[in-house]
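Just so we're on the same page: letters track the sequence lines, and every chain starts at 1.
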There are 2 protein chains.
Amino acid sequence: MKKKSDRLSPPERRSQLIEATLICLMREGARGLSSRKICAQAQVSVGLLNHHFSRQEQLVAAAYEESSRRHHETLRARIQADAQNQDAPIKTLVSCAFEEDIMHPDQLRAWVVFWSKTIDSKMMRATHDRINERLQSYLIEVLAQSLPNCAGDLRVLAIEYSALVDGLWLDWSLNGKHQSAELWQTILNQWLDRTLALASAPVPD
Amino acid sequence: MKKKSDRLSPPERRSQLIEATLICLMREGARGLSSRKICAQAQVSVGLLNHHFSRQEQLVAAAYEESSRRHHETLRARIQADAQNQDAPIKTLVSCAFEEDIMHPDQLRAWVVFWSKTIDSKMMRATHDRINERLQSYLIEVLAQSLPNCAGDLRVLAIEYSALVDGLWLDWSLNGKHQSAELWQTILNQWLDRTLALASAPVPD
DNA sequence: GCTATTGTTGAACGATCGTCCAATACTATT
DNA sequence: AATAGTATTGGACGATCGTTCAACAATAGC
């Protein structure tokens with residue numbers, strides 16, 4: 001037997017289980033949310049899950065948090081890397097919205113599961129609210145940099161943007177014939193163009 | 001015993017089961033999708049379900065179709081009833097988007113379930129595509145009436161609109177503190193104002 | 001009124017679910 | 001080296017899942 005030591009520190013094991021959860025949810029959606037499948041993915045016995053997470057709900061909430069954290073981090077990295085658009089970082093955000101590591105259809109599979117759990121779980125709702133507020137704050141920050149002379153409420157604009165992007169992702173991912181994201185990307189681009197044009201000249205009256 | 005005849009014609013029984021499914025999904029979300037719960041809601045024995053629907057998948061697809069049909073019908077009725085806005089029926093559509101019978105948070109519970117099933121079921125995906133295309137055609141029709149002089153592609157605008165509305169509904173329904181839809185309604189109103197303004201004067205160059 | 005058809009019932013089946021827990025294996029402390 | 005503490009295992013439990021099916025009840029055709 002080559003097994004010498006499979007023991008990990010609790011934080012390592014926890015994040016390993018979270019990783020396995022994300023893989024299962026991205027692969028199978030709601031059908032992948034199973035203690036046994038997740039533990040099999042992590043190559044770990046079933047009982048271990050409840051040693052590190054008291055209930056499945058807590059694992060899912062942690063996975064939601066982690067998925068959002070990664071998403072957020074990827075966005076930050078993209079904006080930071082794109083120095084030439086620093087005057088309007090929202091352009092960078094928009095232009096990479098449908099790239100593979102930002103939003104893959106598989107990832108939306110997992111998100112739909114998170115949303116469905118958010119509906120009937122207090123803890124998931126709290127997690128969702130926290131995640132949402134973090135992303136919203138960041139979006140406001142990005143918009144403030146992009147539209148320094150905007151008269152309108154940036155928070156409102158941030159909600160509109162994230163709603164639009166979520167809706168486009170949904171439509172794109174659920175669509176039966178989603179080869180390319182070109183159409184949805186174009187829609188988002190046009191929305192940005194219009195928004196930027198209006199924000200620059202907000203008083204045509 | 002007062003039971004004289006509980007027997008219904010197949011179409012009646014089918015729609016009764018579909019109705020029960022919608023109630024269960026709206027009440028409990030994914031947890032409500034259970035043959036036994038649905039049959040209990042319909043006050044009917046478990047075995048009857050598989051007599052009228054060969055698999056649960058077919059029942060869910062039928063419920064999705066029915067839910068969309070009702071939604072569509074309600075929208076049509078609103079627009080038809082609102083005669084004064086006949087020049088821009090999109091205004092009517094927008095202004096009632098968050099009214100109770102158009103989109104209740106409970107209804108989104110059911111929709112999230114439909115979406116999650118759309119991800120890993122061929123039949124559900126086909127149903128989703130059919131539903132989506134019907135709604136899109138209607139939206140294009142409404143937009144054509146509202147923007148007779150619009151130079152842009154109405155199909156693209158329709159996709160943007162429905163994505164935005166879906167996203168706003170999601171954000172509104174999942175939000176922990178969603179007392180009033182006022183904020184989201186305002187966002188949608190402002191989007192429409194901007195869109196109408198640009199469509200009326202599309203060549204500022 | 002008899003028969004064929006069909007809507008309806010509810011028990012039963014096997015599968016899978018989340019969780020629990022006694023036993024075990026590993027690590028750290030003394 | 002002995003002990004305490006904990007990470008890990010995997011079987012067991014009860015619940016619930018979707019589906020099947022033989023039996024029953026209501027209807028339709030004759």
Quick one: which protein N/O atoms are closer than 3.5 Å to N/O atoms of nucleotides 14-16 of chain D? Pair and distance per line, please.
none

**Request:** Work out how much the helix from C:dG1-D:dC30 to C:dT30-D:dA1 bends between its end axes, five pairs an end, to the nearest 10 degrees.
**Result:** 10°
**Message:** Just verifying a value: how many Å separate A:Asp82 CG and A:Cys96 SG, rounded to the nearest 0.5 Å?
**Reply:** 8.5 Å
**Prompt:** Out of curiosity, B:Thr92 OG1 to B:Leu75 CG, how far, rounded to the nearest 0.5 Å?
**Reply:** 10.5 Å
**Request:** Give, ordered by number, those residues of residues 15-33 of chain B having at least one heavy-atom distance below 4.0 Å to an atom of DNA chain D; if nothing qualifies, reply none.
**Result:** B:Leu33
**Request:** Output the residues of residues 54-65 of chain A in contact with DNA chain D, where contact means a heavy atom of the residue under 4.0 Å from an atom of the strand; sort by number or write none.
**Result:** none
**Prompt:** Rounded to the nearest Å, what distance is computed from the CZ atom of residue A:Phe53 to the C1' atom of nucleotide C:dC20?
**Reply:** 18 Å
Might you list the N or O atoms of the protein lying below 3.5 Å from N or O atoms in nucleotides 3-7 of chain C, with each pair's distance?
unit_1, atom_1, unit_2, atom_2, d
C:dG7, OP2, B:His51, NE2, 2.6
C:dG7, N3, B:Arg7, NH2, 3.2

**Asked** Would the number of heavy atoms belonging to other residues, nucleotides or ligands and lying under 6.0 Å from CD of A:Glu99 be above 12?
**Response** yes
**Asked** More than 12 foreign heavy atoms under 6.0 Å from CZ of A:Arg70: is that the case here?
**Response** yes
**Request:** Just jot down the side-chain hydrogen bond (donor to acceptor under 3.5 Å, both in side chains) partners of B:Glu100, sequence neighbours excluded, or say none.
**Result:** none
**Asked** B:Ser180: what forms a side-chain hydrogen bond (donor to acceptor under 3.5 Å, both in side chains) with it, not counting sequence neighbours?
**Response** none
Sub-3.5 Å donor-acceptor pair from the side chain of [X] to the main-chain atoms of [Y], do we have one?
X	Y	result
B:Ser68	B:Tyr64	no
A:Gln16	A:Ala42	yes
A:Arg109	A:Arg27	yes

Side-chain donor/acceptor pairs under 3.5 Å, residues 159-170 of chain B, sequence neighbours excluded:
unit_1, atom_1, unit_2, atom_2, d
B:Glu160, OE1, A:Arg194, NH2, 2.6
B:Glu160, OE2, A:Arg194, NH2, 2.8
B:Glu160, OE2, B:Trp191, NE1, 2.9
B:Ser162, OG, B:Ala158, O, 3.2
B:Ser162, OG, B:Ile159, O, 3.3
B:Trp169, NE1, B:Ala97, O, 3.1

**Message:** At less than 4.0 Å, is any side-chain N or O atom of A:Ser45 found next to OP1 or OP2 of D:dG10? Yes or no.
**Reply:** no
**Message:** Run the salt bridge (charged side-chain N to carboxylate O under 4.0 Å, His left out) test against B:Glu141 and tell me which residues pass, sequence neighbours left out.
**Reply:** none
**Message:** Tell me every residue that passes salt bridge (charged side-chain N to carboxylate O under 4.0 Å, His left out) with B:Arg130, counting only those two or more places apart in sequence or in another chain.
**Reply:** B:Glu65
**Request:** Return the set of residues passing ring pair (Phe, Tyr, Trp, His ring centres under 6.0 Å) with A:His72 (not counting sequence neighbours), or none when no residue passes.
**Result:** A:Tyr138
**Asked** Below 6.0 angstrom between ring centroids: does that apply to A:Phe98 and A:Trp172?
**Response** yes
**Message:** Under the side-chain hydrogen bond (donor to acceptor under 3.5 Å, both in side chains) definition, can you give me all pairs with a residue in residues 112-121 of chain B, not counting sequence neighbours?
**Reply:** B:Glu57-B:Ser121
